[in-house]
Amino acid sequence: MKAVIFQIQNEDFGIPIDYVVSIEKVQDLKPIPNLPDFVKGIMPIRDELVPIMDVAYLFTKKEITDLDEAKVITVQAEEFTAGLLVGEAKEILELEENTLKPLPIGAGDSSKWFSSIAMEENRLITIVNPDSFIGTLEGLDDIKAELENVRNEEKASL
């Protein structure tokens, strides 16, 4: 399995490449009021307005503040296309199936966001499951509704 690797507070995380649409610099990020704190706003990506979610904030409650260096990993999940704001997308790695291990039992509530852990050359890489991650976010219906409103406003202004 190939995965895009990113780091949050010296921990490695991976997103299976099958979910990844693109990796972008942060540009034209437009804040949207009344959404959960982890939603930084919306950004045009490949002719679509995509909600941008601060993954560091969701995982650690510490926001990414340096948007000039940050990257957006655009993922296509079951619920919708989302932009995951990360400090940097470090690399694309080929992870051998035999290096993937199930999560430890009792890994806590957020464990529903992850599918497995990869042991790769003295590194632990936690694999994110974009479908369950995005599908279980707090305020998901609000995000969808607001996204629909903004898209409709965009169409109306054309």
Would you call Phe133 and Leu84 a side-chain contact if the rule is heavy atoms closer than 4.5 Å? yes
Residues Leu147, Ile32; criterion side chain to side chain contact (heavy atoms under 4.5 Å, CB included); working and verdict: CA-CA 9 Å; Leu147 196 56; Ile32 302 290; over 6 Å; no
Output the distance between atom OG1 (Thr136) and atom CG (Asp131), rounded to the nearest 0.5 Å. 10.5 Å
Below 4.0 angstrom, N of the basic side chain to O of the carboxylate: do Glu153 and Lys30 qualify? no
Could you tell me whether the side chain of Asp54 and the main chain of Glu63 form a donor-acceptor pair under 3.5 Å? no
Spacing of NZ belonging to Lys25 relative to CG belonging to Leu67, to within rounding of 0.5 Å: 12.5 Å
Just so I know, are the side chains of Glu48 and Arg151 near enough to count as touching, which here means a heavy-atom distance under 4.5 Å? yes
Is Phe80 reachable from Leu29 through a run of hydrophobic residues whose side-chain heavy atoms are each under 4.5 Å from the next? no
Working to the nearest 0.5 Å, report the span between NZ of Lys71 and CD1 of Ile64. 11.5 Å
Let me confirm one number: the CE-CD1 distance from Met1 to Ile127, rounded to the nearest 0.5 Å. 4.0 Å
Side-chain heavy-atom pair Ile52, Val26 within 4.5 angstrom cut-off: no
Answer whether the closest heavy-atom distance between the side chains of Thr99 and Ile125 falls below 4.5 Å. no
Once rounded to the nearest 0.5 Å, what's the spacing between atom CG of Asn129 and atom OH of Tyr19? 5.0 Å
With sequence neighbours left out, write down each residue that passes side-chain contact (heavy atoms from CB on, under 4.5 Å) with Lys62, or none if nothing qualifies. Gln9, Thr60
Heavy-atom side-chain proximity of Pro36 to Leu137 below 4.5 angstrom: no
Could you check if a side-chain atom of Val75 sits within less than 4.5 angstrom of a side-chain atom of Val128, using non-hydrogen atoms only? no
Is the shortest side-chain heavy-atom distance between Arg123 and Leu93 below 4.5 Å? yes
Whether Lys61 engages the ring of Tyr57 as a cation-pi pair (distance to the six-membered ring centre under 6.0 angstrom, angle to the ring normal within 45°) should be assessed. yes
If you measure from CD on Glu120 to CG on Asp12, what distance do you get to the nearest 0.5 Å? 10.5 Å
Just say parallel, tilted or perpendicular for the rings of Phe13 and Phe6, cut-offs at 30° and 60°. parallel
Taking the side chain as every heavy atom from C-beta outward, state whether Trp113 and Val55 have any atom pair closer than 4.5 Å. no
Side chain of Ser132, backbone of Lys112: donor and acceptor closer than 3.5 Å? yes
Closer than 3.5 angstrom, by distance alone: can the side chain of Glu24 be matched with the main-chain N or O of Ile73 as a donor-acceptor pair? no
